[in-house]
Amino acid sequence: MTEFNASLVREKIIFVDQEQALLEGVEAEPVTIRSNRIFLQVNDGKSTEKIVVRCQNMHTTLRLAGKIMYSFYKNGLFRGRENPYDWEGTWDAILPTYEKEFNPNNWAAVYINGQSVFKTSSFPFVDVIEKCALLTVDNYDATIDVTESALKQVGKAVSINHSSNVAAVFSDDGKESMRAAIIHRSEKKDTNFTFVVSGGETHNRVSQTINIAAAFLEALNLRFVVRHLGQQKRKGELEKISDGANKLRGATGRLVAINKGITSFEEVYEVKYRPEKPDFFGAGF
């Protein structure tokens, strides 16, 4: 097996239609897209596919990426398959009940070699960005300049403001081990840790390690939900029969399920944490 390297990036892209503002003589209303993006380059020894996964939140981005990598290792490149990959089925499978119930507007988009192969919503500006990204695959920051230029050539004067930060980094040596680093920045507290996974076959180790990274990121978000709603409950501000109470029960149950999944993973692989395993599952979460 070959080495695997990838990074999950959190993005904020702001589009401003300068032409519209000039014509109407008013300040243009910006279009803001927040997304999480991971770039996967896969090669079967003959051809290469450049795959981009974008989703609303970090953990679904990683879970979809993990499924894609597992399918590649098992069945090869996606283009030209006799039996096309079931994107809809995969998307439905990676969404837990909690996500479906409390985040019904969750979205995803997948691009292969700049072409959209799956998306749950329309993202015309993002479609252009991913086509331009093929020209700057080794310098994604330059993609924004290329995109602005491309849009101007078709008569669309748009200025783009782009900001991003890395949320997770993965590296597998294709032999024995995989390293994952989680870098979660927030206004109150940053969370950073790494873990190294050893053992198993590469295709399982890569896909499952990506999935466990997703579990930690989801747990980080759920812990905030549980603490916030738990405080409301203790103060008597949360009615027993309410959307908030249902969400608290759902988030708590989801955290328990995630913890069990991570424990099962640690029973299959040798996992070493640095500086230490984060405790998202302590008393009261």
Side-chain angles (χ1 to χ4, degrees), residues 1-11 13 33-95 106-144 146-147 150-151 154 162 164 166-172 174 202-204 206-211 213-214:
M1 287 287 185
T2 57
E3 295 180 2
F4 170 80
N5 297 281
S7 298
L8 173 68
V9 177
R10 302 173 70 181
E11 287 189 330
I13 308 173
I33 297 177
R34 296 177 185 271
S35 73
N36 300 274
R37 181 184 190 269
I38 188 168
F39 171 70
L40 309 168
Q41 183 163 301
V42 295
N43 186 296
D44 67 352
K46 298 179 181 179
S47 301
T48 298
E49 286 182 343
K50 300 176 176 68
I51 304 174
V52 170
V53 181
R54 287 183 179 271
C55 294
Q56 183 191 67
N57 54 44
M58 293 181 288
H59 55 273
T60 50
T61 307
L62 290 183
R63 288 202 176 98
L64 189 49
K67 287 285 190 181
I68 289 170
M69 288 307 303
Y70 184 82
S71 180
F72 164 71
Y73 285 131
K74 283 292 191 181
N75 303 301
L77 300 178
F78 291 83
R79 294 291 194 181
R81 285 188 182 184
E82 184 177 348
N83 297 312
Y85 188 67
D86 184 5
W87 296 104
E88 288 282 357
T90 299
W91 174 241
D92 183 71
I94 67 170
L95 295 177
N106 201 349
W107 60 265
V110 180
Y111 299 84
I112 298 181
N113 295 338
Q115 300 297 317
S116 171
V117 296
F118 171 72
K119 55 185 174 182
T120 59
S121 299
S122 177
F123 305 105
F125 284 136
V126 175
D127 291 350
V128 176
I129 285 178
E130 292 306 337
K131 288 181 180 179
C132 293
L134 285 180
L135 303 175
T136 56
V137 66
D138 294 324
N139 185 10
Y140 180 65
D141 289 337
T143 298
I144 301 304
V146 175
T147 302
L151 288 171
V154 295
H162 173 258
S164 66
V166 176
V169 178
F170 303 95
S171 178
D172 190 279
T202 302
H203 66 276
N204 282 323
V206 168
S207 59
Q208 292 188 29
T209 299
I210 292 174
N211 194 54

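In what follows, every heavy atom counts, from backbone to side chain, and hydrogens, waters and symmetry copies are set aside. All residue numbers in this chain count up from 1 along the given sequence.
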Looking only at atom types and distance, does a side-chain atom of [X] sit under 3.5 Å from a main-chain N or O of [Y], one as donor and one as acceptor?
X	Y	result
Ser207	Asn204	yes
Thr90	Asp86	yes
Asp172	Glu3	no
Asn113	Lys50	yes

Tyr73 and Thr202: side-chain donor and acceptor closer than 3.5 Å? no
Do you know which two heavy atoms are closest between [X] and [Y], and how far apart they sit?
X	Y	result
Arg79	Ile112	NH2-O, 3.3 Å
Gly114	Tyr111	O-CD2, 4.1 Å
Val52	Phe39	CG2-CD1, 3.8 Å
Leu62	Phe170	CD2-CE1, 3.7 Å
Tyr85	Ile68	OH-N, 4.4 Å
Ile51	Val110	CG2-CG1, 4.1 Å

State the [atom1]-[atom2] distance between [X] and [Y], to the nearest 0.5 angstrom.
X	Y	atom1	atom2	result
Glu49	Asp44	CD	CG	8.0 Å
His162	Ile129	NE2	CD1	7.0 Å
Lys67	Asn211	NZ	CG	8.0 Å
Asn106	Ser121	CG	OG	9.5 Å
Ile13	Ile33	CD1	CD1	6.0 Å

Does atom CZ of Arg81 have more than 12 heavy-atom neighbours from other groups under 6.0 Å away? yes
Flag side-chain contact, heavy atom, 4.5 Å: Ser35 against Val126: no
For a 4.5 angstrom cut-off between non-hydrogen side-chain atoms, does Val42 reach Met69? yes
Give the C-alpha distance, both sets of side-chain angles, the deciding distance and a yes or no for side chain to side chain contact (heavy atoms under 4.5 Å, CB included) between Phe123 and Ser116. CA-CA 10 Å; Phe123 305 105; Ser116 171; over 6 Å; no
Between Cys55 and Trp91, is the side chain to side chain contact (heavy atoms under 4.5 Å, CB included) condition met? List the steps. CA-CA 11 Å; Cys55 294; Trp91 174 241; 4.1 Å; yes
Which pairs pass ring-ring contact (aromatic ring centres under 6.0 Å, His included) with one or both residues in residues 52-71, sequence neighbours excluded? Tyr70-His203
Return each pair, listed once, that meets salt bridge (Lys or Arg N to Asp or Glu O under 4.0 Å) where at least one residue sits in residues 112-133; pairs must be two or more places apart or across chains. Arg37-Glu130, Arg54-Glu130, Lys119-Asp127
Of Ile94, Ile210, Ile38, Leu95, the one forming a side chain to side chain contact (heavy atoms under 4.5 Å, CB included) with Leu64 is Ile94
